[in-house]
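Here's the structure, in structure tokens; my notes come after.
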Amino acid sequence: MHVDNRIARSGLAAELDRWTQAHGPVTIGLAGAGQMGTDLVVQVALMPGVRIGAISEIDAQNAIDAALMAGHERDSLVAASSPAAVDRAIEAGQIAITDDFRAFCAAGRIDVVIDATGNPNAGTEVALDAMRHGKHVVMLNVEADITIGRWLKQEARKAGVVLTGAAGDEPAATIELIGFAQSLGFEIVAAGKGKNNPLKFDATPDEFEAEARARHMNPRMLVEFVDGSKTMVEMTALANATGLVPDVPGMHGPTATREELAQVLCTKEDGGLLSRSGVVDYSIGKGVAPGVFCVVKPRHPRVIERMADLKVGPGPCFALVRPYHLTSLEVPLSAVRAVLHGRPDMEVLDHPVAECTAVAKRDLKPGQVLGKIGEYDYRGFAMEWREARDSFALPLGLAEKARVLKPIRAGERLTYENCAPDEALVVTQMRRRLDQSDAQYIAA
């Protein structure tokens, strides 16, 4: 890897240099070598002071292919089935490949674990095991975060480790803007993302197989983006990390362009769509994707005048826009900050404000066992937490492997009355405990 030493290192890069000189590189254990995991392996290989120490993947060849793509030699990749074997590989400058994440969670040479499985139950198991062994955890798994993130946060506190959402994903990127705006004393009117892919609520993998292949994606993952599930998941995560709420079930999702955002996603009093200030939403308008935004309202006419003069917009509300998010390429930064600073880039509040529920994509029959997010049966749907709870809405993260109890028509919500989640899954068990503690909180 070439590093231009003529340019002075600054910010986090300079901190990482000092850390590496004193402690050696930050060493990552990675769970999952799909599209996101592969990106991570390649990106980390380009970063000074960071390394992949181990990769867990059911199909070992996926992990090997990712490491080879990143430029690692084949003889530097070794199979490892125990913590001791993982440590020996890392000490020898190699990458341990395993089919069991527990092997690197318990390894002494791993500093931080990144979950890139994309599966709520698998992500829960990875995070819990990593934290039990004193490892920091980066969740590149928003589906798990919105389902049992508060439980994982409690476990992280007990273990004295950092549990954080991932830099580069839209929620964490948006929080950067929100923090900036709050530090300046602006009112936060709305925050969210531009939707990257065309929106088709009833999309299925069959329709998008060719496009997914051309983009080197899993068709199911592509459909999770197209049918809106990922947007609903991400905005629920943003809500539960900030206290912003969906203004209406499903959010508005206007066609506002980048230039129109601040005049559309603002309150009706200011000429926009919103019934209140302080919401999460998204736009399918031109020029917003692949970025994130925060619509703010300054509290003094002089500041409004200055921002208009600086061409931020006409006011009285203004859109602060980060025109990009680098998804998995930024994730290693969260791992580095967890180790160096001991604090998260993003974490859930102690009590939720939003829920991502599930809506049927097609008619569902009693006895049917539901598939995964991004397949044929259901899509995500964001709403306020209390409304979801009062209507017995089934959280999206519990829909996979749930059994249909009553007929459900396309477009209807999945609930605990018409679906039974799989009680054998760890994520279901953890969510049950959370719901019980929430009931006590409400009663109090």
Side-chain angles (χ1 to χ4, degrees), residues 35-36 118 140 142-143 145-146 165-166 168-178 189-205 207-208 211-212 215 217-242 244-266 272-274 279-295 319-330 354 356-359 361 373-375 378-383 396:
Q35 180 189 13
M36 295 295 189
L140 184 58
V142 196
E143 294 80 1
D145 177 77
I146 63 166
D169 222 356
E170 282 101 327
T174 310
I175 284 174
E176 292 179 13
L177 289 176
I178 292 170
V189 178
K193 61 171 278 186
K195 192 177 182 313
N196 291 314
N197 297 278
L199 182 60
K200 188 175 188 293
F201 288 134
D202 61 351
T204 62
E207 299 174 80
F208 289 88
E211 181 181 343
R215 294 173 63 176
M217 294 180 70
N218 181 313
R220 182 191 68 77
M221 179 179 286
L222 178 56
V223 169
E224 187 178 349
F225 288 102
V226 175
D227 72 7
S229 293
K230 199 71 172 180
T231 294
M232 299 292 164
V233 167
E234 290 164 343
M235 295 302 94
T236 299
L238 177 61
N240 286 333
T242 61
L244 301 172
V245 295
D247 188 41
V248 295
M251 301 179 288
H252 293 284
T255 56
T257 65
R258 179 172 173 174
E259 291 74 23
E260 296 167 339
L261 271 176
Q263 281 70 55
V264 175
L265 285 177
C266 61
L273 292 173
L274 306 180
V279 308
V280 289
D281 219 303
Y282 68 99
S283 175
I284 57 174
K286 185 177 180 181
V288 185
V292 297
F293 63 84
C294 180
V295 176
L320 306 179
V321 180
R322 187 187 199 247
Y324 65 91
H325 71 287
L326 302 186
T327 60
S328 44
L329 304 183
E330 289 184 65
C356 189
T357 63
V359 169
K361 283 188 182 180
I373 301 170
E375 292 187 335
Y378 56 87
R379 62 179 175 87
F381 187 76
M383 56 195 301
L396 180 68

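All of these numbers come straight from a predicted model, not from anything done at the bench.
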Residue pair [X] / [Y], side-chain heavy-atom distance below 4.5 Å:
{"X": "D247", "Y": "L273", "answer": "no"}
{"X": "L238", "Y": "E170", "answer": "no"}
{"X": "M383", "Y": "P246", "answer": "no"}
{"X": "N196", "Y": "H325", "answer": "yes"}

Check for a donor-acceptor pair, side chain of [X] on one end and backbone N or O of [Y] on the other, with a separation under 3.5 Å.
{"X": "D169", "Y": "P171", "result": "no"}
{"X": "R220", "Y": "I373", "result": "yes"}
{"X": "T236", "Y": "A354", "result": "no"}
{"X": "K361", "Y": "E375", "result": "yes"}

Nearest 0.5 Å please: distance from the [atom1] atom of [X] over to the [atom2] atom of [Y].
{"X": "M232", "Y": "R379", "atom1": "CE", "atom2": "CZ", "answer": "6.5 Å"}
{"X": "L396", "Y": "T357", "atom1": "CG", "atom2": "OG1", "answer": "8.0 Å"}
{"X": "Y324", "Y": "E330", "atom1": "OH", "atom2": "CD", "answer": "6.0 Å"}

Review point. Is E234 paired with K230 through a side-chain N to carboxylate O contact shorter than 4.0 Å?
Key: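 Here K230 does not pair with E234 in a salt bridge, since their nearest N and O are not under 4.0 Å apart.
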Review point. Salt-bridged, E211 to K200, with N to O below 4.0 Å?
Key: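 Salt bridge: no.
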Review point. Which pairs, with at least one residue in residues 251-261 and sequence neighbours excluded, count as a salt bridge (charged side-chain N to carboxylate O under 4.0 Å, His left out)?
Key: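 Qualifying pairs, neighbours excluded: none.
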Just list the side-chain donor-acceptor pairs under 3.5 Å for residues 279-294, sequence neighbours left out, or say none.
residue	atom	partner	partner atom	Å
D281	OD1	H252	N	3.2
D281	OD1	G253	N	2.8
D281	OD2	H252	N	3.0
S283	OG	P254	O	3.2
S283	OG	A256	N	3.4
S283	OG	A256	O	2.6
S283	OG	G285	N	3.0

